[in-house]
Structure formats: C-alpha cells, structure tokens
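Taking it in order: structure first as structure tokens, then the write-up.
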Amino acid sequence: MRIAIPIHSFEPGGVERIALRLAEHWRQAGHDPVIVLGRSRGACVATAPALDYRVMTEPFSTDRWETIWMIWSFFQCLLKEKVDVVFCPGNTYTVVCVAMKLLLGDRCPPVLVKISNDLERRDLPKFIRPFYQWWLRVQGSALDGFVAIAAPMLAEVEREMAPPDNKVSVIPDPALSESDLHHLSGARSARNAHVGCRFLTVGRLAAQKNQVLLLEAFARHARSEDTLVIAGDGPERDRLVKLANALDLRSQVRFVGHVEDVRALYAGADVFVLSSHYEGAPAVILEALAAGLPVAATNCCVSMEWLTGYGQFGVVVPPGDPDTLGIAMNAARHLRPDRTAMQRLAAGFTLESSGQLYLYRLTALVGDSRRQRRKKIRSGVREWHGGGV
C-alpha cells in the first residue's frame, strides 16, 4: 500500500513522533509510506527516520499558517501521486483530511483517523462547544475510519462523532517499542533513599499541557526539599520560567528542555505528574507505567482512571485546581504500586503489536474503497445500457 501521512514539521510532538515510527514500521513491513511535510525543520529533524518525505518550498514562513499550508501541500501531493490510503495521525490533522474530501471528492483516497485526544474538551468555553460538537459530527460522516487508542475511548468516539457502524476500531496507541519497554522497566530499581521527593513531568510547553497549574500546585504543596524537573520545550517556556521565578521556585524547579532519550529522567524520578487540560492515552503516562513510577494526574481524558489502575498506580483529580493536584502529588509520593502490573499494562501499547493492527485496518479500508468504486462503475454501466444507448 502507498500510505500518505500529513505532518506539519519535525517539531517535538507525541502525535508526530508516533506517526513517524509507525511509518518506519510499515516501510519495514514492505509498504510505501509517504510523509507530506508542511516544513522540513524542527528540533527533531536530526533524529527523524529515513523515510520518503515530500515538502513544498515555503513562499514565506508558514509556522503561523501551518494548517492552511498543510491543506495546500497535501492537496498538491494527492493530485500528483497515486495514493491508496491516507493515515491521519491525530485530531490536529482532521481538518486537513476533511478538506481533501471536499476538494478531491471521489478521487480522495480513504482516510483512517487516529483519535489522539479527548473529545469532550471540557476546557472549551461554553459558547464554542456546540460548534465543536458539530465539527466532530462532520468528521464522523466525512471520513472513512477511526481508531480509538485505548479501550475506554471507544464509547466516547461513537457518541461524540456518531460515525456509521463498523467505522471505529480500538488499537492501543503504539507509544512504546518493545525496546523502550525493556529499557524503561530496567531503568529504575527500588526507590533510592534521598531527601525529598523528585517530581517529573515530560511534554511540550504549550497551553494544552497546563504546566502553569503544575507550578502553582508545586508551589503550594511541595516541601522545601522536593524538586520538580520539567522536560520539554515550546511556546510557553518563557512564561513558565518567569512564573517559577515569581513563585520563588528557582532552587527547586529545573527546566531541562527537549530530551530525546528520557530514560534517565524516569530513572531519577519518584513521581510522574501530568497537569494537562486534555489528552488521549498519553504516551508519557505509558512511559511512567513502564518505568514503575506512581502518577499524579488531572482527569484529562476518559482513559486516565483506567491507565492508572483505578487508584492502584496513581491519583487522578479534576483538571484546573492547583490545590487538588498538589494534594494528589503528595498522595502519590506514598504509593508503592505493583510495578509488574504497571509494566503489563504498558506492554499492551507497543509498536510491534499495534503497527500490524493498523496495517490490517488500512488494508480493509483500501479493499472497501475499491469495492465501492467497482460497484459505482457497474451501476453506471447498467444505467447506460438501460438508457438504450
């Protein structure tokens, strides 16, 4: 199969990282993934796998107009090249794929969408929510197949997007490779004796991740000997550094930037914290489970309670309140979860198993599309003959 995948750039992002790893896996399995890039730059360009990349020359910097530029770039690619199926790597790219359906009509290849984030989006203002819910229904009717990346998401996708029957599958998010699982599970032995609790968070420094909440929670509830490591980079970095300084956390909080190999971070932590407004099945939570780290997290997706073993592996609290998150962080420091059970759950989210399941689903979509085309052709021939021509 020739599989086209739209990706904005090589900037750090879980959706993009997993899409590239899937593409590499599919190429090794004998298929032909084509990555259509909006721009060929970003912090992760040096570590990007060797794949077939297509990128148009930017007439100007398109960073602020990346969705419009991606629509144009992807449209040009699908016009010029024969593609069997489109893989939409996350919710961010559904607008691009719906635009392809409108622009190309029957010539658009079938589209499989990975639902990468929570669909309820309780963080949105009330006046926007009806438009957002309408947009989800548009996606459900316009696109060809959907993947819920954790079992609890299935009912949410069916309810919010209302796609026709048999359009939604559950395929665990391939956030880890078997090698990742092995290295993370061996990275951290029993909790070392040291003063204070070492909290860790990993993720883009962006509004969605709400590290402002994390800093406020840490400032209010951490002990003087506790530390917090914030790994990641993004547009919120300067604001977060200023806030940490304003909260007098200079000696306790470290911003370490984008880290390509996170194993040492997990090995050196005691508690993993996630403060996001919304997520899907967060890769960082799966990494924390593999490393045996107890978790303190906001209830930012329908999967979070399930991922944390309904209290066995972590403490989950409503999003938006620094006091409840701070209390959860202090509660998590006392947890001694079953690391074997945590790693067993994480082992269900590997590239090796899920990559093949995606191929089955993509193959089925291509087959369905070809059958529908043949059916239209036969119908047209019958009408032609029936007209007495």
Side-chain angles (χ1 to χ4, degrees), residues 14-15 90-91 114-126 128-129 132-133 136 148-161 170 172-173 175 199-222 228 230 232 236 269 271-291 293-335 337 341-342 345-346 348-349:
V15 163
N91 302 46
K114 188 182 89 168
I115 303 301
S116 58
N117 276 323
D118 170 70
L119 296 180
E120 290 194 6
R121 294 296 306 275
R122 287 165 290 185
D123 61 301
L124 291 175
K126 286 186 178 179
I128 291 178
R129 288 180 61 84
Y132 172 71
Q133 290 164 349
L136 291 178
I149 60 176
M153 292 178 67
L154 176 62
E156 181 186 54
V157 174
E158 292 178 335
R159 180 182 68 250
E160 299 295 330
M161 305 187 83
V170 176
D173 198 27
F199 295 100
L200 168 69
T201 192
V202 179
R204 287 181 300 109
L205 305 187
Q208 174 196 345
K209 306 299 181 178
N210 201 10
Q211 287 98 350
V212 168
L213 178 75
L214 172 58
L215 288 172
E216 291 175 348
F218 185 81
R220 295 185 192 187
H221 293 274
L228 169 64
I230 299 178
E236 293 277 291
V271 173
F272 187 86
V273 189
L274 187 70
S275 53
S276 297
H277 286 299
Y278 60 92
E279 295 284 350
V284 291
I285 294 295
L286 297 170
E287 290 170 348
L289 292 175
L293 276 181
V295 171
T298 54
N299 196 15
C300 53
C301 61
V302 71
S303 305
M304 189 57 68
E305 293 277 7
W306 178 74
L307 286 170
T308 53
Y310 298 100
Q312 297 179 67
F313 312 143
V315 183
V316 178
V317 296
D321 185 346
D323 286 318
T324 56
L325 181 59
I327 291 167
M329 292 165 67
N330 279 326
R333 77 164 80 214
H334 300 296
L335 285 178
M342 296 171 83
L345 178 56
F349 292 81

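Counting begins at 1 with the first residue of the sequence.
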Please name the pair of heavy atoms, one in [X] and one in [Y], separated by the smallest distance, quoted to 0.1 Å.
| X | Y | value |
| --- | --- | --- |
| Glu156 | Val302 | OE1-CG1, 3.8 Å |
| Cys300 | His277 | CB-O, 3.7 Å |
| Asp118 | Tyr132 | O-OH, 3.9 Å |
| Phe349 | Pro172 | CD2-CB, 3.6 Å |
| Ala269 | Leu200 | CB-CB, 3.7 Å |

Original post:
Does the side chain of Ser276 pick up a donor-acceptor pair with the side chain of Asn210 at under 3.5 Å?
Top reply: no
Find the distance between [atom1] ([X]) and [atom2] ([Y]) and round it off to the nearest 0.5 Å.
| X | Y | atom1 | atom2 | answer |
| --- | --- | --- | --- | --- |
| Glu120 | Asp123 | CD | CG | 11.0 Å |
| Met329 | Phe218 | CE | CZ | 6.5 Å |
| Glu287 | Leu289 | CD | CG | 10.0 Å |
| Lys209 | Ser275 | NZ | OG | 9.5 Å |
| Glu279 | Ser303 | CD | OG | 10.5 Å |

**OP:** Answer yes or no: is there a donor N or O on one side and an acceptor on the other, between the side chain of Asp321 and the main chain of Asp323, under 3.5 Å?
**Re:** yes
Subject >> Donor-acceptor pair, side chain of Ser116 and main chain of Val15, under 3.5 angstrom >> reply: no
Partner of [X] under side chain to side chain contact (heavy atoms under 4.5 Å, CB included), chosen from [options]:
| X | options | result |
| --- | --- | --- |
| His221 | Leu325, Asn330, Thr324 | Asn330 |
| Pro322 | Val212, Leu213, Leu215 | Leu213 |
| Ile230 | Val202, Thr201, Val273 | Thr201 |

Original post:
Do Arg121 and Glu160 sit within salt-bridge range, that is, some charged N less than 4.0 Å from a carboxylate O?
Top reply: no
Original post:
Do Val316 and Thr298 come close enough that some side-chain heavy atom pair is under 4.5 Å?
Top reply: no
Original post:
Which residues pass the ring pair (Phe, Tyr, Trp, His ring centres under 6.0 Å) test with Phe272, sequence neighbours left out?
Top reply: Tyr266
